[in-house]
Amino acid sequence: QKWANLKQKHVMQLVERLKAADTGTRDIDGKVTNLRWLLRKIGKPNLLPRSNRELGIEAGKRYKHAGKVVSDEKLQHVLAALKDHPRLSAMVLLGRTLGLRFREAALFEVAKCRRGNQIVLFRGAKGGRDRYVNITNPRQVEALKAVQAVAPNGALIPQAWPTFEKFRQWAYSQFRRAALGKKQGNTFHDMRRSYACYRMRELEPVRGRTAAAMLVAREFGHNRTEVL
C-alpha cells in the first residue's frame, strides 16, 4: 500500500537525479536496472521505459570479456570435431556451462562434486577455499550427464596418462585441431568466459549489475568483481 501513490513523475525525477549525479554510465545503468526490478515487484513496471536509450542513458560498459564469448555455432563445431574424444568434449561443456578451468574440468568427478542443485569444486577458489557453482539451466544438466556417461566412476583425465602436463599438452593439440586455440580466435579459457557472460546476462536484470557481478565472481572462484 505504501507504493500506491507512486507515479511516473516520481520515478522520472529519481532517474534525472541519478543522471545529474554523474557517477558514470555503468553505475547509472546498474541503478536503473535495480529500479526496474523494484517496479516489477510492486506491480508497476510501466512507470519506466524498457530501454535506457529512451531515458537518455547510453549503454553501459560491457563485460570486458564479451568479445571473447564462444558462440553456440562455434561450440557445436568444436564438439563435432572432438566426436572421437568424448572426454575432451565433456570438458569443453563443463567450461562453457559451469565455468570450470581446464584442470578443474579434467579432474572433475560427478559423484564427488554434484551436491543437489550445486557443484562444489574443492579448493577451487582463491586462497584454497571450496567454491560452489549453481545449476540453473538444462544445458548444465546435459553437461553433467555427458560427464557421467564417459566417466561414471572417476575423473575425466584417463588414468593411463603418466603426468597431468602430458595430458594437457595432448588435449590442447586436439583443441587446436578442433579450431579451439589462440590462432583460431577462441581458447578453452574462453569457454569459462562465456559462462561468466551468460550468468551476467541472466542475473543482472533481476539482481542489478553490482550484486550480479559479486555472485558471478564468487562462482568464478574470486572475491573481486574486477576480474569480470
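Residues take their numbers from the sequence shown, with the count starting at 1. Excluded from the calculations below are hydrogen atoms, water molecules and symmetry mates; all remaining heavy atoms, backbone and side chain alike, are included.
- A donor-acceptor pair under 3.5 Å is formed between the side chain of K74 and the backbone N or O of A179.
- The salt bridge (charged side-chain N to carboxylate O under 4.0 Å, His left out) pairs that include a residue from residues 79-92 number zero, where partners must be two or more places apart or lie in different chains.
- The CG atom of L215 sits 12.0 Å away from the CZ atom of F220 when rounded to the nearest 0.5 Å.
- Contacts classified as salt bridge (charged side-chain N to carboxylate O under 4.0 Å, His left out) and involving residues 145-173 (residues at least two apart or in different chains) are given here: E142-K145, E165-R168.
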Run L82 and L180 through side chain to side chain contact (heavy atoms under 4.5 Å, CB included) and show every step you take. CA-CA 10 Å; L82 292 173; L180 191 62; 5.8 Å; no
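- For L6, the side chain to side chain contact (heavy atoms under 4.5 Å, CB included) partners at least two apart in sequence or on another chain are W3, H10, V11, L39, I42, K44, L47.
- Here the CG-CG distance, from D190 to L75, works out to 12.5 Å after rounding to the nearest 0.5 Å.
- In this structure, CZ on R101 lies 7.5 Å from NE2 on H189, to the nearest 0.5 angstrom.
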Cut-off 3.5 Å, no hydrogens considered: what does the side-chain donor-acceptor table look like for residues 105-119, sequence neighbours left out?
| residue | atom | partner | partner atom | Å |
| --- | --- | --- | --- | --- |
| R114 | NE | G116 | O | 2.7 |
| R114 | NH2 | G116 | O | 3.4 |
| Q118 | NE2 | N134 | OD1 | 3.1 |

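- Heavy-atom neighbours of R40 CZ from other residues, nucleotides or ligands within 6.0 Å: above the threshold of 12.
- What you find for P45 and G43 is that their closest heavy atoms are CD-C, 3.3 Å.
- In terms of the salt bridge (Lys or Arg N to Asp or Glu O under 4.0 Å) criterion, residue partners of R139 (sequence neighbours excluded) are, by chain and number, D72.
- Checked by atom type and distance alone, the side chain of Q140 pairs as donor or acceptor with a backbone atom of N137 at under 3.5 Å.
- Nearest approach of A90 to V147, heavy atoms of both residues: CB-CG2, 4.0 Å.
- Distance CZ/R96 to OH/Y198: 10.0 Å, rounded to 0.5 Å.
- The two residues A149 and P152 have their closest heavy-atom pair at O-CD, 4.2 Å.
- Here the straight-line distance linking atom CG of L156 with atom CE of M91 works out to 6.5 Å at 0.5 Å rounding.
- Pairs passing the ring-ring contact (aromatic ring centres under 6.0 Å, His included) check and including a residue from residues 69-89, sequence neighbours excluded, read H85-W170.
- Of the possible donor and acceptor atoms, none in the side chain of R192 sits under 3.5 Å from a partner among the backbone N and O of L94.
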Could you please spell out the steps behind the side chain to side chain contact (heavy atoms under 4.5 Å, CB included) verdict for L79 and L93? CA-CA 9 Å; L79 293 176; L93 289 172; 3.9 Å; yes
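- Take Y172 and apply the ring pair (Phe, Tyr, Trp, His ring centres under 6.0 Å) test, not counting sequence neighbours, and it matches F102, F175.
- Sorted by first and then second residue, the salt bridge (charged side-chain N to carboxylate O under 4.0 Å, His left out) pairs involving residues 148-163 (not counting sequence neighbours) form an empty list.
- Between the R131 side chain and the E219 main chain, a donor and an acceptor come within less than 3.5 Å of each other.
- When every heavy atom of W37 is checked against every heavy atom of V206, the shortest pair comes out as CD1-O, 2.8 Å.
- Here the side chains of Y195 and M191 are not in contact, with every heavy-atom distance at 4.5 Å or above.
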